[in-house]
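Proteins come first, then strands; the chains are lettered A, B, ... in the order of their sequence lines, and each starts at number 1.
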Number of protein chains: 2
Amino acid sequence: MVNDSGQQAAGAAGPKRKDARRNQQILLDAAASVFVASGVEAPVRDIAARAGVGVGTIYRHFPTRADLIVAVYRHQVDACAEAGPALLASRESPYEALAQWIDRFVDFLVTKHGLAGALQSDNAGFDGLHAYFLDRLVPVCGQLLDAAADRGEIRPGFGGLELMRGVGNLCIGADSDPRYDARRMVALLIAGLRRT
Amino acid sequence: MVNDSGQQAAGAAGPKRKDARRNQQILLDAAASVFVASGVEAPVRDIAARAGVGVGTIYRHFPTRADLIVAVYRHQVDACAEAGPALLASRESPYEALAQWIDRFVDFLVTKHGLAGALQSDNAGFDGLHAYFLDRLVPVCGQLLDAAADRGEIRPGFGGLELMRGVGNLCIGADSDPRYDARRMVALLIAGLRRT
DNA sequence: AACGATACGGAACACTGTTCCGCTTATCAA
DNA sequence: TTGATAAGCGGAACAGTGTTCCGTATCGTT
């Protein structure tokens with residue numbers, strides 16, 4: 001139920017007709033461009049225009065804007081999720097692994113204009129986006145937190161969900177205001193996790 | 001330029017005509033009710049309906065939605081601002097004063113459905129809101145931070161603006177998701193401030 | 001009472017995301 | 001090759017925003 005739209009499990013072929021498959025790719029490319037230029041909240045019509053396609057075509061491939069955004073960033077989110085266990089395995093300290101993983105996540109968010117804002121769950125219409133990010137990343141974050149807590153490096157009792165949301169929230173508006181440095185605030189939050 | 005709309009410096013009389021003054025008060029009350037019931041992002045039309053007034057009347061008194069929100073919460077923001085120096089004077093530890101002041105601010109934000117979200121500066125149309133809150137609270141926060149830094153209770157080099165924005169961001173969506181406890185995340189952030 | 005300034009109501013505008021359906025076109029069987 | 005058919009497409013139309021505009025009603029004053 002999380003996301004069934006547009007793309008499919010690894011390697012599948014997509015829509016039957018050739019033109020449809022082509023358009024799906026065109027749409028992903030156009031959306032990526034427009035997101036870079038105007039942020040993820042860019043009007044659907046702009047994306048359609050950029051792709052040289054009608055808005056109806058977008059909605060056939062991606063039932064909602066959130067699905068399109070998920071499709072565009074899916075690979076990066078997956079890569080981030082996979083980096084978690086890898087970091088945990090390669091570092092001496094789970095806390096260090098956690099900190100680096102969060103860094104990576106923040107980098108991702110901050111470089112995508114407006115994405116952090118779109119992740120708010122109460123932001124009607126972006127439920128799917130919220131759901132995919134959380135489904136994918138919360139378990140990883142939880143694993144890192146648990147490992148660090150088991151070693152006694154951090155205070156116990158924090159869940160992946162709240163940390164992810166906290167970090168995500170801190171990244172909102174990180175672009176669009178040079179006086180606010182989200183990375184610094186996130187660093188503070190992570191520092192606060194340390195054992196007292 | 002920050003905010004000149006609707007209200008005026010302490011004690012002034014408001015619009016000339018009696019009905020206009022009356023409507024302004026009705027509007028403030030109606031807006032307050034609707035904000036409690038439906039959040040600060042409630043449609044302007046809803047507020048107009050609740051007040052028994054046309055939308056044009058709202059815009060005559062409050063040129064933009066942000067101005068209306070500012071007017072509704074002005075007193076509470078001011079009270080919060082004034083609590084800063086008071087706390088600083090009455091506590092032994094500036095850090096303690098800072099922590100309590102932040103608590104108070106968080107309480108305010110969290111109990112106002114959607115207000116934290118509306119505070120985002122990149123949220124087009126809410127510039128006035130953003131500006132008023134920041135103008136009023138950033139200096140107070142900065143003062144508390146400086147006092148704590150001078151005592152060596154926290155790491156130096158943090159400004160009021162970034163802390164206020166960080167705290168504000170952490171409060172986004174605090175209602176509407178019982179799994180996310182904004183107060184807890186803010187506490188983490190403040191804990192992270194402590195000297196290492 | 002009459003008049004001018006002020007304020008009101010709500011239709012209209014510009015902009016969203018999303019749905020719908022007549023038309024086009026790719027695909028495949030004959 | 002040629003229909004027939006289903007899949008896909010475009011963009012007008014719908015529903016919902018915030019905001020503007022202006023004819024009308026009301027207030028306060030002369």
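- Summarising the geometry, the separation between CZ on A/Arg65 and C1' on C/dC15 is reported as 13 Å, rounded to the nearest angstrom.
- Atom CD1 in A/Ile47 sits about 16 Å away from atom P in D/dC9, given to the nearest Å.
- Contact between the side-chain N/O atoms of B/Thr57 and the OP1/OP2 oxygens of C/dG9 is found at a separation under 4.0 Å.
- Rounded to an integer number of Å, the gap from OH of B/Tyr59 to C1' of C/dG10 is 13 Å.
- Between the CG atom of A/Leu134 and the CG atom of A/Leu129 there is a distance of 9.5 Å, given to the nearest 0.5 Å.
- Spacing between atom CD of B/Glu41 and atom C1' of D/dT19 amounts to 16 Å, rounded to whole angstrom units.
- Atom pair A/Arg22:CZ and C/dT25:P shows a separation of 12 Å (rounding to whole Å applied).
- Spacing between atom CZ of B/Arg21 and atom C1' of C/dT6 amounts to 13 Å, rounded to whole angstrom units.
- Applying the 4.0 Å criterion to OP1 and OP2 of D/dG18, one finds that B/Thr64 has every side-chain N and O outside that range.
- Across all strands, A/Ala49 comes closer than 4.0 Å to no nucleic acid atom at all (heavy-atom distances).
- The shortest side-chain heavy-atom distance between A/Phe62 and A/Ile69 does not fall under the 4.5 Å cut-off.
- When the nucleotides C/dG9, D/dG10, C/dA11 are ranked by their closest atom to the side chain of B/Val55, C/dA11 comes out on top.
- Between B/Phe105 and B/Phe108, the ring planes are tilted. Angles from 30° to 60° get that label.
- Look at CZ on A/Arg17: it is 8 Å from C1' on D/dA6, rounded to the nearest Å.
- Here the nucleotide nearest the side chain of B/Asn23, chosen from C/dG9, C/dC8, D/dC9, is C/dC8.
- The side chain of A/Asp19 has D/dG8 as its nearest neighbour among C/dA11, C/dG9, D/dG8.
- Regarding A/Ile58, its CD1 atom lies at a distance of 14 Å from the C1' atom of C/dT16, rounded to whole Å.
- When the nearest nucleotides of DNA chain C are assigned to B/Arg45 and B/Lys16 by heavy-atom distance, the more 5′-ward of the two goes with B/Lys16.
- Note on B/Ala51: nothing from the nucleic acid sits closer than 4.0 angstrom, heavy atoms only.
- Closest contact between the side chain of A/His61 and the listed nucleotides C/dA26, C/dA11, D/dC9 involves D/dC9.
- Remark: of the listed residues B/Arg22, B/Arg21, B/Arg17, B/Arg17 is the sole one forming a side chain to side chain donor-acceptor pair (under 3.5 Å) with B/Asp19.
- Distance from the side chain of A/Lys18 is smallest to C/dA26 among C/dT18, C/dA26, D/dT19.
- Atom CD in A/Gln76 sits 4.0 Å away from atom NZ in A/Lys112 (nearest 0.5 Å).
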